[in-house]
Amino acid sequence: MNSFLAKYDNLCNLVNDNLTNYIKKIKGNRENKLYDAMEYSLLAGGKRFRPVLHLAIIDMFGGDIDRFIDTACAIEYIHTYSLIHDDLPCMDNDEFRRGKPTNHIVFGEDIAILAGDGLLNTAYEILFDFACDNNSKNILEGLHKIAIFSGISGMIAGQIVDIESENKKIDLDTLKYLHYNKTGKLILASVLSSADFLDLDDYSKEKLKLYSEKIGFAFQIADDILDVEGKFEDIGKPVGSDNQNNKSTFITHYGLEESKRILLDTIDSAIEDIKFFDNNNFLIDLAKYVASRNG
Ligand code: GRG
């Protein structure tokens, strides 16, 4: 295994090992369908891309990753809640996610809504615990960014445009706005919260912002390409769902080959941004991974 994959695995395992600690503590030995549903989606797989990115930034600047494992897990809770709600019959009505039946298929719609709500609220319990133990202005600013970028000025703002764009051909600016918010903002939050936690200077934060915006854009183009060219075993959901749901995507706007070119150009540009920093190998390889991932 090359050193990038070994390090990715390491960070990923750290997240996986700690992911359900908080729920287990509350659940104790009681049977509880809500906690089961929350755990089901958390442990159904997933690349852990956002928490890995969060910890990788901490590591690149010499921070102590163990100190930030809880904030990394909280980001994955927010991501997982968004997937559960996005899959609901009233939203995208998807039956598979991460290679397994979606939460509402297994637990029913009522429990799935509560499992999503539960994950979102638990994320904030974790973040507030962290704030109580680390009460300084830069830490609170980082936590604030996670809230803003996953909220109505971020991921939820993208989701509403997505819903309102169903069965419509939308223009490129709207498509970019949608994905900048829906997909990009939580990726941005994962990076910029780390930058705040480490109290980096403004110029470094600006460079990291450029890097993560490009990574978020590339992540979505790759997602659109995989929806055309991927395999169920790798992407964990049926191929061709965007087409079936009549969605505007980067492929419907640019075509497949041009989308691939834009993806590679975007990654090259993100790499230029991160080269500004020392100790940047992992973040360079992470950018390349976004372009070459098959799931
Ligand atoms: C319901 C408020 C609310 C928001 C939902 C993020 C989102 C908004 C929906 C997810 C649907 C989707 C397919 C988005 C496109 C890109 C994306 C975020 C894919 C899923 O993330 P991955 O590839 O998934 O990191 P894993 O399973 O690896 O965690």
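Heavy-atom basis, side chains included; hydrogens, waters and symmetry copies ignored.
- Taking both residues in full, the closest heavy atoms of Tyr124 and Ser150 are given as OH-OG, 3.4 Å, listed atom of the first, atom of the second, then distance.
- Residues Ile235 and Val290 do not share a hydrophobic cluster, clusters being chains of Ile/Leu/Val/Met/Phe/Trp/Tyr side chains in contact below 4.5 Å.
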Can you list the steps and then say if Lys260 with Glu229 is a salt bridge (Lys or Arg N to Asp or Glu O under 4.0 Å)?
-> CA-CA 12 Å; Lys260 286 182 183 174; Glu229 289 194 325; 3.1 Å; yes
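- Among residues at least two apart or in separate chains, salt bridge (Lys or Arg N to Asp or Glu O under 4.0 Å) pairs with a member in residues 127-137 are Lys137-Glu141.
- Between the side chain of Asp199 and the backbone N or O of Asn138, no donor-acceptor pair lies under 3.5 Å.
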Decide yes or no on salt bridge (Lys or Arg N to Asp or Glu O under 4.0 Å) for Glu213 and Lys209, but give the supporting numbers first.
-> CA-CA 6 Å; Glu213 282 177 339; Lys209 181 167 184 273; 3.2 Å; yes
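- Applying the salt bridge (Lys or Arg N to Asp or Glu O under 4.0 Å) test to every pair with at least one member in residues 7-29, sequence neighbours left out, gives these pairs: Lys7-Asp59, Lys27-Asp36, Lys27-Glu39.
- Side-chain contact check for Glu166 and Asn246: no donor-acceptor pair (N or O, by modelled atom type) lies under 3.5 Å.
- Judged purely by atom type and a 3.5 angstrom limit, Tyr8 has no side-chain atom pairing as donor or acceptor with the backbone of Ser3.
- Across all their heavy atoms, Gly154 and Asn181 have their closest contact at O-CB, 3.2 Å.
- Within the 3.5 Å criterion, the main-chain N or O of Ile251 finds a donor-acceptor partner in the side chain of Thr249.
- A side-chain donor from one of Asn18 and Asn21 sits under 3.5 Å from a side-chain acceptor of the other.
- Formation of a donor-acceptor pair under 3.5 Å by the Asp94 side chain with backbone atoms of Phe96 is not found in this model.
- Each of Leu19, Val15, Leu11 was compared with Ile69 under the side-chain contact (heavy atoms from CB on, under 4.5 Å) criterion, and only Val15 meets it.
- Checked for salt-bridge contact, Arg50 and Glu76 miss the test: no charged N lies under 4.0 Å from a carboxylate O.
- Counting heavy atoms from C-beta outward, Lys231 and Asn294 have side chains that stay 4.5 Å or more apart.
- Looking at Asn32, its side chain does come within 3.5 Å of a backbone N or O of Tyr35 through a donor-acceptor pair.
- The shortest distance between side-chain heavy atoms of Asp201 and Lys205 does not fall below 4.5 Å.
- For the residue pair Thr174 and Asp171, a side-chain donor N or O sits within less than 3.5 Å of a side-chain acceptor on the partner.
- With ring centers used as reference points, Tyr77 lies 6.0 Å or more from Tyr22.
- Follow the hydrophobic side-chain contacts under 4.5 Å out from Phe276 and you reach Tyr211 in the same cluster.
- The two residues Arg30 and Ile26 make their nearest non-hydrogen contact at NH2-O, 3.1 Å.
- Transitive grouping of hydrophobic side chains (ILVMFWY, heavy atoms separated by less than 4.5 Å) keeps Leu53 and Leu83 in distinct clusters.
- Taking Ile, Leu, Val, Met, Phe, Trp and Tyr as hydrophobic and joining them when side-chain heavy atoms fall under 4.5 Å apart, one finds Tyr40 in a cluster with Val106, Phe107, Ile111.
- Considering all non-hydrogen atoms of both residues, Arg48 and Cys12 come closest at CG-SG, 3.6 Å.
- Minimum heavy-atom separation, Ala74 to Ala123: O-CB, 3.6 Å.
- Side-chain contact check for Thr102 and Glu95: no donor-acceptor pair (N or O, by modelled atom type) lies under 3.5 Å.
- For Ser82 (side chain) and His79 (main-chain N/O), a donor-acceptor pair under 3.5 Å exists by modelled atom type.
- Within a 6.0 Å radius of NE2 in His253, more than 12 heavy atoms belonging to other residues, nucleotides or ligands are found.
- Cation-pi geometry between Arg293 and Phe219 is satisfied (NZ or CZ under 6.0 Å from the ring centre, within 45° of the ring normal).
- Few gaps surround NZ on Lys169; more than 12 heavy atoms of other groups in view lie less than 6.0 Å from it.
- The side-chain heavy atoms of Lys168 and Ser248, taken from C-beta on, include no pair separated by under 4.5 Å.
- Two residues are said to be in side-chain contact when any heavy atoms from C-beta on lie closer than 4.5 Å; Leu172 and Tyr254 meet this criterion.
- With contacts defined as side-chain heavy-atom distances shorter than 4.5 Å, the pair Phe277/Met60 qualifies.
- Using modelled atom types and a 3.5 Å distance limit, the side chains of Lys214 and Ser269 yield a donor-acceptor pair.
- Side-chain contact, Thr71 with His54: a donor N or O sits under 3.5 Å from an acceptor N or O.
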List the steps and the verdict of ring-ring contact (aromatic ring centres under 6.0 Å, His included) for Phe130 and Phe68.
-> CA-CA 9 Å; Phe130 186 78; Phe68 297 100; 5.8 Å; yes
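- Cluster partners of Ile163 are Met91, counting Ile, Leu, Val, Met, Phe, Trp and Tyr whose side-chain heavy atoms approach within less than 4.5 Å, directly or via other members.
- Note on Leu226 and Val228: separate hydrophobic clusters, where clusters join Ile, Leu, Val, Met, Phe, Trp and Tyr whose side-chain heavy atoms are under 4.5 Å apart, directly or indirectly.
- When the side chains of ILVMFWY residues are joined at heavy-atom separations under 4.5 Å, either directly or via intervening members, Leu286 and Leu264 end up in two distinct hydrophobic clusters.
- Counting only heavy atoms from C-beta outward, the side chains of Ile113 and Leu88 approach each other to under 4.5 Å.
- Partners of Ile271 under the side-chain contact (heavy atoms from CB on, under 4.5 Å) rule, at least two apart in sequence or in another chain, are Ile267, Lys275, Ile284, Ala287, Lys288.
- Contact annotation: the side chain of Ile78 approaches that of Leu186 to within less than 4.5 Å [non-hydrogen atoms, C-beta and beyond].
- In summary, the side chains of Ser259 and Asp224 do not present any donor paired with an acceptor at a separation below 3.5 Å, with no hydrogens or angles considered.
- Side-chain contact, Glu125 with Asn121: no donor N or O sits under 3.5 Å from an acceptor N or O.
- A 4.5 Å side-chain heavy-atom check between Leu200 and Phe61 finds at least one atom pair inside the cut-off.
- Summarising the geometry of Ala115 relative to Ala37, their closest heavy-atom pair is CB-CB, 3.8 Å, with the distance given to 0.1 Å.
- Remark: Phe217 CZ to Ile221 CD1 distance equals 3.5 Å, nearest 0.5 Å.
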Going through the checks in order, is the ring-ring contact (aromatic ring centres under 6.0 Å, His included) test met by Phe282 and Tyr289?
-> CA-CA 10 Å; Phe282 184 78; Tyr289 159 80; 9.2 Å; no
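- Here the options are Lys237, Arg97, Lys247, His85, the test is side-chain hydrogen bond (donor to acceptor under 3.5 Å, both in side chains), and the partner is Asp92; only Lys247 passes.
- Judged as a ring-ring contact (aromatic ring centres under 6.0 Å, His included), the pairs with a partner in residues 156-184 (not counting sequence neighbours) are, in order, His179-Phe250.
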